[in-house]
Amino acid sequence: MMNIFSSLLSQPVQPKPAPKQRRGIEIKSPREIEIMRQSAKIVATVLKEISELVKPGMTTADLDTHAEKRIRQMGATPSFKGYHGFPASICSSINNEVVHGIPSPKKVIRAGDVLKVDTGAYYQGFHGDSCITIAVENVTPEAAKLIRVAEEALFKGIEQVKAGIHLVEIAAAIEDHIKANDFNVVEQFTGHGVGRNLHEEPAVFNYRTRDIPNVKLRAGMTLAIEPILNAGSKNTRILADRWTAVTVDNALSAQFEHTVLVTDSGYEILTDRSLV
């Protein structure tokens, strides 16, 4: 998520320095796109495996252990671990936790939980990034609807992607679908470019705003599109661990994310789990 880590780091915390970031929007070459297909495939594989193995009684640390092991087995390194000092290979956020939940052996997954799992893989110089929300066994009807709408909103945004359109068209499609279903867009966090760096320009907003750099898309751009929505207030707060964002009213939150390649005719979902 663009600007999230930097916003957290504005608090009184001393993380280890992050690698120097490139500036500007990068257009990937055919060779670079092929590498990103591989990094994204690793991420998609890990998330698909987690969605199939998660069950009540497991801990979020169990999921993190699996993710790191599999990422490394496939020849990559975890994008998140050590990034601005983040201690794990996945973000695991449950129920009212919005983003950046830290895996823990003390965090037990229970039936009815709304579990967000976000991970990234760095392979041959390029990152892939994706997030899913998992309904752990029998969730409430409200939770089921929230998860469904979050995934639908992601695809509403992706369906706009094509060389020549502007970012606000993605934002509008996502925002309209979320609001039509009586949920609220979390505005504190955004999507982002992804490639040599985990977080690159441009910021990919999920709502209309005059602050958006309304970039015109070009073929070869790679974007992490990631709507986040709450069942209650759009507002969040950061816990004492200085990472985990939670809803201010304890309402449920859901998120989906894909790494998407912009093409002349449309898009390619690089982290498509149905292809692994």
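When a residue number appears, it is its place in the shown sequence, counting from 1.
Linking Ile, Leu, Val, Met, Phe, Trp and Tyr whenever their side-chain heavy atoms come within less than 4.5 Å puts Val204 and Ile165 in one cluster. The cluster map of Ile, Leu, Val, Met, Phe, Trp and Tyr, joined by side-chain heavy atoms under 4.5 Å apart, puts Ile71 and Val276 in different clusters. Cluster annotation: Leu223 is not connected to Val168 through the hydrophobic network of ILVMFWY side chains, with a link wherever side-chain heavy atoms come within less than 4.5 Å. Hydrophobic clustering (ILVMFWY, side-chain heavy atoms < 4.5 Å, transitive): Phe256 and Leu275 are in distinct clusters. Under the 4.5 Å side-chain heavy-atom criterion for ILVMFWY residues, no single connected hydrophobic cluster contains both Ile109 and Val139.
No donor-acceptor pair closer than 3.5 Å links the side chain of His258 to the backbone N or O of Asp129. For Asp272 (side chain) and Ser274 (main-chain N/O), a donor-acceptor pair under 3.5 Å exists by modelled atom type. For the pair Asn95 (side chain) and Val114 (backbone), a donor-acceptor distance under 3.5 Å is present. The backbone N or O of Ser89 lies less than 3.5 Å from a partner atom in the side chain of Thr119, making a donor-acceptor pair. The backbone N or O of Val149 sits nowhere less than 3.5 Å from a side-chain atom of Asn181 that would complete a donor-acceptor pair. With hydrogens and angles ignored, the 3.5 Å screen pairs a side-chain donor or acceptor of Thr60 with a backbone N or O of Ser104. Asp249 contributes a side-chain N or O that, together with a main-chain N or O of Ser233, makes up a donor-acceptor pair within less than 3.5 Å. Formation of a donor-acceptor pair under 3.5 Å by the Ser130 side chain with backbone atoms of Glu257 is found in this model. Between the Thr133 side chain and the Gln255 main chain, a donor and an acceptor come within less than 3.5 Å of each other.
To the nearest 0.5 Å, atoms CG (Leu167) and CD (Gln160) are separated by 12.0 Å. Atoms CD and CD1, on Glu169 and Ile174 in that order, are 12.5 Å from each other to the nearest 0.5 Å. To the nearest 0.5 Å, atom CD of residue Gln188 and atom CG of residue Asn235 are 8.5 Å apart. Taken to the nearest 0.5 Å, the CD atom of Glu52 stands 7.5 Å off from the CD atom of Glu49. Within the model, atoms CG of Leu217 and CD1 of Ile170 stand 5.0 Å from one another, a figure rounded to the nearest 0.5 Å. We find the OG1-CG distance between Thr236 and Asn96 to be 11.0 Å, quoted to the nearest 0.5 Å.
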Step by step, would you call Arg208 with Asp176 a salt bridge (charged side-chain N to carboxylate O under 4.0 Å, His left out)?
-> CA-CA 10 Å; Arg208 296 174 180 86; Asp176 288 348; 2.8 Å; yes
Show your reasoning for whether side-chain contact (heavy atoms from CB on, under 4.5 Å) applies to Met36 and Glu32.
-> CA-CA 6 Å; Met36 286 198 66; Glu32 292 169 338; 5.7 Å; no
After noting the C-alpha distance and the side-chain angles of Lys28 and Glu200, does the key distance pass the salt bridge (charged side-chain N to carboxylate O under 4.0 Å, His left out) rule?
-> CA-CA 13 Å; Lys28 278 68 176 183; Glu200 299 181 343; 3.2 Å; yes
side-chain contact (heavy atoms from CB on, under 4.5 Å) between Thr45 and Met74, worked out = CA-CA 10 Å; Thr45 299; Met74 289 183 277; 4.0 Å; yes
Would you check, one step at a time, whether the test side-chain contact (heavy atoms from CB on, under 4.5 Å) holds for His166 with Val215?
-> CA-CA 5 Å; His166 290 81; Val215 173; over 6 Å; no
Derivation and outcome, side chain to side chain donor-acceptor pair (under 3.5 Å), residues Asn184 and Asn230 | CA-CA 5 Å; Asn184 288 304; Asn230 292 345; over 6 Å; no
Working for side-chain contact (heavy atoms from CB on, under 4.5 Å), residues Glu187 and Phe205 = CA-CA 8 Å; Glu187 297 180 3; Phe205 283 77; over 6 Å; no
Can you check salt bridge (charged side-chain N to carboxylate O under 4.0 Å, His left out) on Glu137 and Arg110, steps first, answer last?
-> CA-CA 9 Å; Glu137 293 194 351; Arg110 296 180 170 82; over 6 Å; no
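Between Cys131 and Val117, every side-chain heavy-atom pair lies at or beyond the 4.5 Å cut-off. Counting heavy atoms from C-beta on, the side chains of Arg273 and Ser51 never come closer than 4.5 Å. At a threshold of 4.5 Å between non-hydrogen side-chain atoms, the residues Leu53 and Met58 count as touching. In this structure, Leu63 and Val54 have side chains that are in contact, with non-hydrogen atoms separated by less than 4.5 Å. Contact annotation: the side chain of Tyr267 approaches that of Ile158 to within less than 4.5 Å [non-hydrogen atoms, C-beta and beyond]. Using a 4.5 Å cut-off on side-chain heavy atoms (C-beta onward), Ile134 and Ile50 make contact. In this structure the side chain of Pro202 reaches within 4.5 angstrom of the side chain of Met221, judged on heavy atoms.
Smallest separation of non-hydrogen atoms from Gly232 and Ala251: N-CB, 3.5 Å. In plain terms, the two heavy atoms of Ala219 and Ile27 that are nearest each other are O-CG2, 3.3 Å. Smallest separation of non-hydrogen atoms from Leu252 and Ala143: CD1-CB, 3.7 Å. Taking both residues in full, the closest heavy atoms of Ile33 and Gly220 are given as CD1-CA, 4.4 Å, listed atom of the first, atom of the second, then distance. Contact detail for Tyr83 and Trp243: the closest heavy-atom pair is O-CH2, 3.9 Å. Nearest heavy atom pair, residue Ala163 against residue Val262, reads N-CG1, 3.6 Å.
Salt-bridge annotation for Lys156 and Glu152: absent, with no side-chain N of the basic residue lying under 4.0 Å from a carboxylate O of the acidic one. In this structure, Glu34 pairs ionically with Arg37, as a charged nitrogen and a carboxylate oxygen lie closer than 4.0 Å. The pair Lys116-Glu97 does not meet the salt-bridge criterion, since no charged nitrogen lies less than 4.0 angstrom from a carboxylate oxygen.
The side chain to side chain contact (heavy atoms under 4.5 Å, CB included) with Ser253 is formed by just one residue from the set Ile228, Val99, Ile94; it is Ile228. Between Leu229 and the options Val185, Asn206, Leu146, a side chain to side chain contact (heavy atoms under 4.5 Å, CB included) holds for only Leu146.
A side-chain donor-acceptor contact under 3.5 Å links His192 and Glu226. A donor and an acceptor atom, one from each side chain of Thr59 and Asp62, are located under 3.5 Å apart.
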Under 3.5 Å, which donor-acceptor pairs link side chains of residues 121-128 to any protein atom two or more places apart or in another chain?
from	atom 1	to	atom 2	distance (Å)
His127	ND1	Ser79	OG	2.7

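Geometrically, Lys145 engages Phe183 in a cation-pi contact defined by less than 6.0 Å to the ring centre and at most 45° from the axis.
For CZ of Arg148, the number of neighbouring non-hydrogen atoms (other residues, nucleotides, ligands) closer than 6.0 Å is greater than 12. In Lys48, the NZ atom is crowded: over 12 heavy atoms of neighbouring residues, nucleotides or ligands sit closer than 6.0 Å.
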